[in-house]
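One structure is given here, and the rest of the page talks about it.
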Amino acid sequence: VKQATTVQVPANLPMGETDRNNVIGPGCYGFNWWVNGKLADGTMKLPGAPKDCYFASGFNNNKCFVLPSWKMVVIRMGEDGNIEEADAVYGKFLKMLGEAMEE
């Protein structure tokens, strides 16, 4: 799990023109798991989520977020396809979840 959730795609790797869904992997992709790593511009993949967050992303925007520092797994059953700006939306949701846990 540690190796699969460690960034395997360097942040400085140029993007190809084959990505139809604007999925950005450099700096935040392991072995079939997304990592809340830093993108080439220095921003986090999921702003507002813990640094140790990692997640799987599947068909129809299904997500499985693993948050070790929170001892939590969050599942999102999707039927809406891939939405634009999804990282910002999920980052905001996870930030709000973290703030609610602190209260």
Side-chain angles (χ1 to χ4, degrees):
V1 171
K2 185 176 181 177
Q3 187 175 14
T5 60
T6 299
V7 174
Q8 302 296 328
V9 181
N12 60 357
L13 186 70
M15 290 293 296
E17 295 297 325
T18 60
D19 187 14
R20 60 184 167 84
N21 293 324
N22 295 323
V23 177
I24 300 172
C28 55
Y29 196 67
F31 293 131
N32 292 320
W33 286 92
W34 291 94
V35 179
N36 196 21
K38 286 189 179 179
L39 303 172
D41 65 3
T43 62
M44 298 297 285
K45 174 80 171 159
L46 298 173
K51 187 175 180 177
D52 66 347
C53 171
Y54 57 94
F55 66 100
S57 180
F59 182 70
N60 274 345
N61 208 18
N62 288 301
K63 303 286 187 202
C64 174
F65 295 96
V66 181
L67 305 129
S69 59
W70 293 353
K71 298 180 182 174
M72 184 183 296
V73 174
V74 175
I75 303 296
R76 192 242 189 222
M77 300 290 293
E79 295 185 2
D80 58 357
N82 292 322
I83 59 174
E84 290 186 32
E85 303 297 324
D87 293 343
V89 171
Y90 296 127
K92 183 176 180 180
F93 167 75
L94 292 170
K95 180 181 180 182
M96 290 168 51
L97 180 61
E99 289 169 351
M101 288 174 35
E102 291 176 2
E103 292 180 5

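Because only heavy atoms are used, hydrogens play no part in the values below, and waters and symmetry mates are left out as well, while side chains stay in.
Using a 4.5 Å cut-off on side-chain heavy atoms (C-beta onward), Y90 and R76 make contact. Counting only heavy atoms from C-beta outward, the side chains of C64 and N62 never approach each other to under 4.5 Å.
Taking each heavy atom of S69 and D52 in turn, the nearest pair found is N-OD2, 2.7 Å. Annotation for D87 and L46: closest pair O-CD2, 3.5 Å, computed over non-hydrogen atoms. Here the closest non-hydrogen pair linking P50 and L67 is CD-CD2, 3.6 Å. Taking all atoms of both residues into account, the shortest heavy-atom contact from K45 to V35 is CB-O, 3.7 Å.
When the options C28, P47, C53 are evaluated for a side-chain contact (heavy atoms from CB on, under 4.5 Å) with N36, the one that passes is C53.
Under a hydrophobic-cluster definition in which Ile, Leu, Val, Met, Phe, Trp and Tyr are linked whenever side-chain heavy atoms come within less than 4.5 Å, directly or via other members, L39 and M44 are assigned to different clusters. Following chains of ILVMFWY side-chain contacts shorter than 4.5 Å, one cannot reach V7 starting from V66, and the two form parts of different hydrophobic clusters.
Atom OG1 of T5 sits about 14.5 Å away from atom CH2 of W34, to the nearest 0.5 Å. How far OG1 of T43 is from NZ of K38: 9.5 Å, rounded to the nearest 0.5 Å. A distance of 12.5 Å separates CE of M72 from CZ of F65, quoted to the nearest 0.5 Å.
Annotation: N32, atom CG; neighbour count of heavy atoms from other residues, nucleotides and ligands within 6.0 Å does not exceed 12. Atom CE of M101 sits in a crowded spot, with more than 12 heavy atoms from other residues, nucleotides or ligands closer than 6.0 Å. Annotation for E99: atom CD counts as buried by contact number, over 12 foreign heavy atoms lying within 6.0 Å.
Between Y54 and W33, the ring-plane angle classifies as perpendicular under the 30° and 60° cut-offs.
Side-chain atoms of N61 do not come within 3.5 Å of backbone N or O of G78 as any donor-acceptor pair.
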